[in-house]
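See below for the structure under consideration.
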Amino acid sequence: MVEIRDVSKAFGDVLAVDDASLALPKGEFLTILGPSGCGKTTLLRMIAGFIRPNAGEILINGAAVDNVPPYRRSIGMVFQRLALFPHMTAAQNVAYPLKMRGFDPVTIPDRVSEYLRLVRLDGFEKRRPQELSGGQQQRVAIARALSFSPDLLLLDEPLSALDKKLREEMQLEFRRIQQELGVTTINVTHDQREALVMSDQIVVMSEGRIQQSDSPEAVYRAPSNRFVANFIGLTAMFKGAVEVSGDGGILVRVGDTALKARAQGELGNGTAVDCALRAEQVRILDDPANGDATAFENVVTGEVRQRIFEGDRMVYEISVPALADAVLFAFDHDPLHHAEHRPQSQVKLGWNARDFFAFPSDRT
Amino acid sequence: MAETAAGGKPLSWRLIDGVDRLVAAAWPRGLHGMNGYLFLLPAVALVFILVIGLGYMVEFSLHELDLATYRLKEAYSLTNYQTFFERPVYIRVLWRSLLAAAIVTLITLVLAFPYAYLMVRTTSAATRKFLLVALFLPFFIGQVVRAYGWLIILGKEGLLNSIVTGIGLPPLDLIYNYPAVILGLVQYMLPFAVLLLTPAVAAIGEDIELASESLGATWIGTFRHVVIPMAKPGIIGAGIVVFTLTLTDFAMPEILGGGTSDFIANAIYDSYFQISNIGLGSALSIVLTLVGSALVALMLMIAGTGTLGFAERKS
């Protein structure tokens, strides 16, 4: 459906998108995830046709669209600031693409009400954007982008301006509409939760390059490099060196301690590595029901530096002297029913090798 | 911080406290709700003085000139207004002013809009700076000086005609006619119009135009259905300013028209200072004020009250 082949784009000396390739089957929802400035918006705008790539090819429905202006591409786009037309009512906004694309005027009113119903805005036809709430404006924007049945829907961080609760509600709403219509969708965001919740496929970008392209589960469970591991989840990073490399697992020396780890890539003895450890894989062994030290391959003792109460969980920031004072994070998911660990107190921590990723230190 | 012995407070704090106490004595707290209105006073005073002047003019306009004494007669009469309606020359002058105002407004807006648009949208800082300087430069040169500038360029022995005669053609009559007045006025009004249009164009996010394009509109469609309607408040505002300034203009028809294309302001001037008829001059002024106000009111009515930025804002 959409295919991007070796696309690059430079602005002056800055390489915004560096040799990006991806493929998206019909009806799927793909999210391009990355920090601001990683080139994700540039890539999206090249697909929309607002920016021309310096190199590479973009194909939609098998045809190269290099010379097709945006108004002749069959693409609906929802903008970051929505870009609703303030001088038109909700219905007029939704009717706009139909008029511009030469739909039979007789069919327009029916289509408009059909799509307003789809986004659950029936009854709001005559309101202007400034008379609607943030969530309702989102709905108008998505109805407007879909009313002409485009082949492809592009979302340029439209949810980033909403507060958390509304954002999470709209994530599910966008997903529902996308699945109901089966429209192929590319979403851009810096919000990892949004990417994990909404997508069939996640493309992680950093510094103009695609770092990993996989299903949400795979991106989370098997990060392909240091950047992805660090960017997604609450992750602690340790610097170390491979001491013993074997078939199944390896031993990595961090500070004074040798830890069992899972090698991501070929790692020979002595290789400098960055190890990534997600907070939810670390168990505080002093707490009941977390098992004892024998159940874990790596066990260390650390000192609590900070504890952050988040309601449903307590996040501990713990420094470990035996690991050259590296800092790691651990969760307590039942903070209300047993004693908390105060700062400066000692805690015993355990985790397993399969959750401890070792990446070669030089960036891939 | 400069600590002092008394109370341990810095001197500056105590000074400000003293000032605050004085202010509180002179302007009690209960009156603070009216603070905003206080700042309106100078503007209100200014308008009030204008209204007094206008009142005097209405009074003058209702007395006929006594040709024996060259003073206004005691008795009230509508003779001056009768003169305006009976003498074709005054109707013609008013019509000429109105037509010029309409033409100048139209041409100026058509020229100013692309200028404002380019100034807002250009990605080149150098271009924007150039356009800004070019916009403000004319403000440093008065209207009269600019009119004389046109005389130097377009006059019988001006720059343009020296080229024309240089290649052996007879000199052209480029000044002392209606088109010359229009030209001078358009050049004079252009910066005002650009200045008033720029914020209106700047308020249209670039995303809005991209959205329109992605929804299927060509740039012409985007311009017609999105940019122009969204810039309407600025267009109406600029139109009203250019229209009224042109309608009441004096210098351009005086200098570039050379008596052939008098506007109503020139007729008023002549009544006051050439034929010393204060009554008639006042009557013409009142007619001009009424016609101008009526037209502005009409424009605002057609465009809707929301156009000048007073749009109802609900959240």
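Order of the sequence lines fixes the chain letters, A, B, ..., with proteins taken first and strands second; residue numbering starts at 1 for each chain.
Within the 4.5 angstrom heavy-atom criterion, only backbone atoms of A:Leu84 (N, CA, C, O) approach chain B. In this structure, chain B has a heavy atom under 4.5 Å from the side chain of A:Arg45, while its backbone stays farther away.
Distance CE/A:Met88 to NE2/B:His225: 7.5 Å, rounded to 0.5 Å. In this structure, OG1 on B:Thr222 lies 7.5 Å from CZ on A:Phe85, to the nearest 0.5 angstrom. Summarising the geometry, atom CZ belonging to A:Phe50 is positioned 6.0 Å from atom CD belonging to B:Glu213; distances are rounded to the nearest 0.5 Å.
Environment of CZ in B:Arg224: sparse, with no more than 12 heavy atoms of neighbouring residues, nucleotides or ligands closer than 6.0 Å. B:Trp27 CH2: more than 12 foreign heavy atoms inside a 6.0 Å radius. B:Phe139 CZ: more than 12 foreign heavy atoms inside a 6.0 Å radius. Counting non-hydrogen atoms of other residues, nucleotides and ligands closer than 6.0 Å to CZ of B:Phe130 gives a total of 12 or fewer.
Contact tally against chain B (heavy-atom pairs below 4.5 Å) for A:Lys99, A:His87, A:Arg73: the top residue is A:His87. Interface remark: of the candidates A:Pro86, A:Gly102, A:Ser74, A:Pro86 forms the most heavy-atom pairs closer than 4.5 Å to chain B. Put simply, of A:Arg144, A:Arg72, A:Arg101, the one with the most heavy-atom pairs under 4.5 Å next to chain B is A:Arg101. Taking chain A as the reference chain and counting heavy-atom pairs below 4.5 Å, the highest number among B:Val226, B:Leu210, B:Ile208 is found for B:Leu210.
Side-chain contact check for B:Ser212 and A:Tyr96: at least one donor-acceptor pair (N or O, by modelled atom type) lies under 3.5 Å.
The two residues A:Phe79 and B:Ser214 have their closest heavy-atom pair at CE1-OG, 4.2 Å.
In this structure, B:Leu215 and A:Phe148 have side chains that are in contact, with non-hydrogen atoms separated by less than 4.5 Å. Put simply, the side chain of B:Thr218 does not reach to within 4.5 Å of the side chain of A:Pro69, judged on heavy atoms.
Checking side-chain atoms of A:Arg81 against main-chain N and O of B:Asp207 turns up no donor-acceptor pair under 3.5 Å.
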